[in-house]
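We name chains A, B, ... by the order of the sequence lines, and we start the count at 1 in each one.
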Amino acid sequence: MGAKEKLRKNSQFAAVYEHGKTWANDLVVLKTLPNGLEWNRYGFVAGKRIGKAVVRNRVKRLFREIARATSTETGWDVVFIARNQAAKASYHELEASVAGLLNRARILIDKDRSEGTAEAR
RNA sequence: CAAGUAAACCGGGUGGCUGCCCCUUCUCGCGUCAAGCGGGAAGGGGAGGAAAGUCCGGGCUCCGCCGGGCAGGAUGCUGGGUAAUUCCCAGGAGAGGCGACUCUACGGAAAGUGCCACAGAAACAUACCGUCCCGAUGACGAAUCGGGAUAAGGGUGAAAUGGUGAGGUAAGAGCUCACCAGCGGCCGGGCGACCGGCCGGCUGGGUAAACCCCAUCCGGAGCAAGACCGAAUAGGAGGACUUACGGGUGCUCGGCCUGUCCUCGGGUUGGUCGCUUGAUCCUUCCGGCAACGAAAGGGCUAGAUAGAUGGCCACCGCCUGGUGGGAAUCAGGAAGAAGGCUGCGGUCGUAAACUGAUUUCUAGCAGGUACAGAACCCGGCUUACAGGUUUACUUGGCCC
RNA sequence: CGGGGCGUGGCGCAGUCUGGUUUAGCGCGCAGCGUUCGGGACGCUGAGGUCGGUGGUUCAAAUCCACUCGCCCCGA
């Protein structure tokens, strides 16, 4: 994930917070906003209430891995905000949680379905 | 073997797939003179003992410089180590422990000031209950009154002017003596803190983590320091001053310097450097009780910037729990077996099965695998931490 | 990186500077009783506190000192 795929400035985060849509469950809050680019940009937030530095870094790494491994529509800014329960969650729990939210946001590409259509053709 | 004391150290491993940051080399596309921009491949490196808390100290950088005074702060037995310290080492004194050993904010209360509640007569100057003597009224006693002596006894308190014993006295008191404690002096040992001995007079509270005194030390700010490039906005408003005023990183004085300085308003908050070779690490050897220092040889060991070492899987290791099996040790062990001795009445007899406890090996099962993430860099301190290893020593039990 | 503040019954605060005089106090809340036909309000009574933790100084600590834990705020 190169520098251009990250949300880096406070103004970028503020734009997503202000104008984006919110999708949430017990583990994570997603905020999404179309960015007009040909790629996605991601931001990861783990507040101080999540835990100490080790825990916060771990949660952000897990989210970063999930964002890399999940295939989505392009042209979106997505901010991942960890909630308290995320500190104790495993990779698979977080992955399922994020996939559910992305599906509701209609930017998730379903692997099984896309493979199915490719074979049909 | 058990309990403990003191040091030093480790703090998961292997493999596969797939990602991240940095460096080196190569390469592709755009450009095509180059710089540059975008992408790819290979190789190498990539968190800690505390990276943490930010409690001390130093390097480094900037604040224009020098000197004096005041304020403020820190430290506080002695000697040494160090770049430096509130750290470390060695030693002294005191306290704790049977001991190995551990702990200590450990200068000064005859420089001065303050405070010491309640109780108590008194918490800086004193005598409440008492004790004793003399005198008067009594009857020589008791009692009362007056004068004097005393600080042993009672009582209060956290603390009452050395403690114990003996002598002494009207009763008493360091009044005298012995020992102990404290103070002062002399002699001896030690660089010193201090220790040992002798002598002397005879002794008057506590609190400086109350103000304070003494000695020593300290300029301020911090890598968001600071330097350069680029971008953007403004090129303003108000005030102070011009024989002096302001500024010059606590205040103040003197000297030097400077022509500006303060407040408000506005813009940017991008890149490069600083940025990792350093009081560095390892080995050997020398000096030193040690901390540590000197020399020689060798090594290069993270540099991010919404912030890099991750994710998934497999196997193994380690720990905990209960289950099955085996072994060892200890205790018990019916019928008192076999058997020994016999004065034929008896007496001595744990080997075994079996039971219980502890330790250990092993099989498979379940759960767990700490504390914690570099952000300028070092030296310490403090705090957190599953579990494990090694060495030295102490006490107790058993065996030789 | 630097600086400052807070922690006291369930909640919000005094007391800490200047240690003791008080059993650590006040308001709201809680419980019981009274008052009322009943409730509220009011009156009376009562329960409830490791003073964040550990250690130290002192005769004596919520108060002084050191370390430590948690929370909050400010500046660059």
_Please report the distance separating the C1' of B/rA234 from the corresponding atom of B/rG267, rounded so that it comes out in whole Å._
8 Å
*Who does C/rC33 pair with, Watson-Crick or G-U, both distances under 3.5 Å?*
C/rG43
*With both distances kept under 3.5 Å, what pairs with B/rU268, Watson-Crick or G-U wobble?*
none
_Spacing of A/Ile50 atom CD1 relative to B/rG373 atom C1', expressed in whole Å_ = 17 Å
*Is the glycosidic angle of C/rG25 within 90° of 0, making it syn, or outside that range, making it anti?*
anti
*So, is B/rG91 syn or anti if syn means the angle is within 90° of 0?*
anti
_Taking B/rC88 as the reference, what is the distance to B/rA6 when you measure between their P atoms (whole Å, please)?_
16 Å
_Nucleotide B/rA306, atom C1' - distance to CG of A/Asp77 in whole Å_ = 14 Å
_Watson-Crick/G-U partner (both atom distances under 3.5 Å) of C/rG27_ = C/rC11
*Is there side-chain contact between A/Leu27 and A/Arg83, with heavy atoms separated by less than 4.5 Å?*
no
_Taking the nucleotide of RNA chain B with the nearest heavy atom to each, does A/Leu62 or A/Val55 sit closer to the 5' end?_
A/Leu62
*Inter-nucleotide C1' distance (B/rG146, B/rG138), Å rounded*: 16 Å
_Hydrogens and angles aside, do A/Asn40 and A/Thr72 bring a side-chain donor and acceptor to less than 3.5 Å of each other?_
yes
*Check the distance between B/rG270's P and A/Gln12's CD and give it to me in whole angstrom.*
10 Å
*What integer number of Å spans the C1' atoms of B/rA353 and B/rG333?*
10 Å
*Closer than 4.0 Å, any side-chain N/O of A/Arg68 to the OP1 or OP2 of B/rC20?*
no
_By the rule that syn is within 90° of 0, classify the base conformation of B/rU276 as syn or anti._
syn
_Ring-face cation contact, A/Tyr42 with A/Lys6, 6.0 Å cut, 45° max_ = no
*Applying a 3.5 Å limit to both distances, which nucleotide forms a Watson-Crick or G-U wobble pair with B/rU355?*
B/rA331
_For the P atoms, the ones on B/rA208 and on B/rU216, what distance do you get once it is rounded to whole angstrom?_
25 Å
*Any side-chain heavy-atom pair from A/Phe63 and A/Val78 closer than 4.5 angstrom?*
no
*Could you tell me whether the phosphate oxygens of B/rC21, OP1 or OP2, come under 4.0 Å of any side-chain nitrogen or oxygen in A/Arg64?*
no
*Which nucleotide, in any strand shown, forms a Watson-Crick or G-U wobble pair with B/rA234, with both distances under 3.5 Å?*
none
*Taking any strand in view, what nucleotide pairs with B/rG373 in a Watson-Crick or G-U wobble way, both distances under 3.5 Å?*
none
_Rounded C1' spacing from B/rA209 to B/rC115 in Å_ = 16 Å
*For B/rC22 and B/rA314, measure between their C1' atoms and round to the nearest Å.*
31 Å
_Distance, rounded to the nearest Å, where A/Glu5 contributes CD and B/rG19 contributes C1'_ = 12 Å
_Nearest-nucleotide pick for A/Phe13, side chain only, options being B/rA306, B/rG373, B/rG270_ = B/rA306
*Starting at CZ of A/Arg56 and ending at P of B/rA372, how long is that distance when rounded to a whole Å?*
13 Å
*asked:* What I'd like to find out is whether the side chain of A/Trp23 reaches to under 4.5 Å of the side chain of A/Leu102, using heavy atoms alone.
replied: no
*A/Arg8 CZ to B/rG271 C1': how many Å, rounded?*
11 Å
*Can you tell me if the side-chain N/O atoms of A/Arg61 get under 4.0 Å from OP1 or OP2 in B/rG373?*
no
*Atom CG of A/Asn57 and atom C1' of B/rA52: how far apart are they, to the nearest Å?*
14 Å
*Is the base of B/rA142 syn or anti, if syn means a glycosidic angle within 90° of 0?*
anti
*If you measure from NZ on A/Lys21 to CD1 on A/Ile107, what distance do you get to the nearest 0.5 Å?*
11.0 Å
*asked:* Can you tell me the base-pairing partner of B/rC17? Count Watson-Crick or G-U wobble geometry only, both distances below 3.5 Å, and say none if there is no partner.
replied: B/rG311
*How many Å lie between CD on A/Glu38 and P on B/rG38, as a whole number?*
16 Å
_Checking understanding here: a glycosidic angle within 90° of 0 is syn, the rest anti, so what is B/rG80?_
anti
_Pairing check on B/rC341: which nucleotide meets the Watson-Crick or G-U wobble criteria with it, both distances under 3.5 Å?_
B/rG346
*Base, sugar-phosphate, or nothing: which does A/Ile66 touch, judged by heavy atoms less than 4.0 Å apart?*
nothing
*asked:* Using atom C1' in both nucleotides, what's the gap between C/rC30 and C/rC11 to the nearest angstrom?
replied: 12 Å
*5' priority, RNA chain B, between A/Ser90 and A/Val54 [closest heavy atom]*: A/Ser90
*Quick one: does A/Glu65's side chain have a donor or acceptor within less than 3.5 Å of a partner on A/Leu62's backbone?*
no
*Compare side-chain N and O positions of A/Lys52 against OP1 and OP2 of B/rC371 and report whether any pair is under 4.0 Å apart.*
no
*So does A/Glu65 reach the base of B/rG310 with its side chain, donor to acceptor, closer than 3.5 Å?*
yes
*Measure the shortest side-chain to side-chain distance between A/Leu108 and A/Thr70 over non-hydrogen atoms and say whether it is less than 4.5 angstrom.*
yes
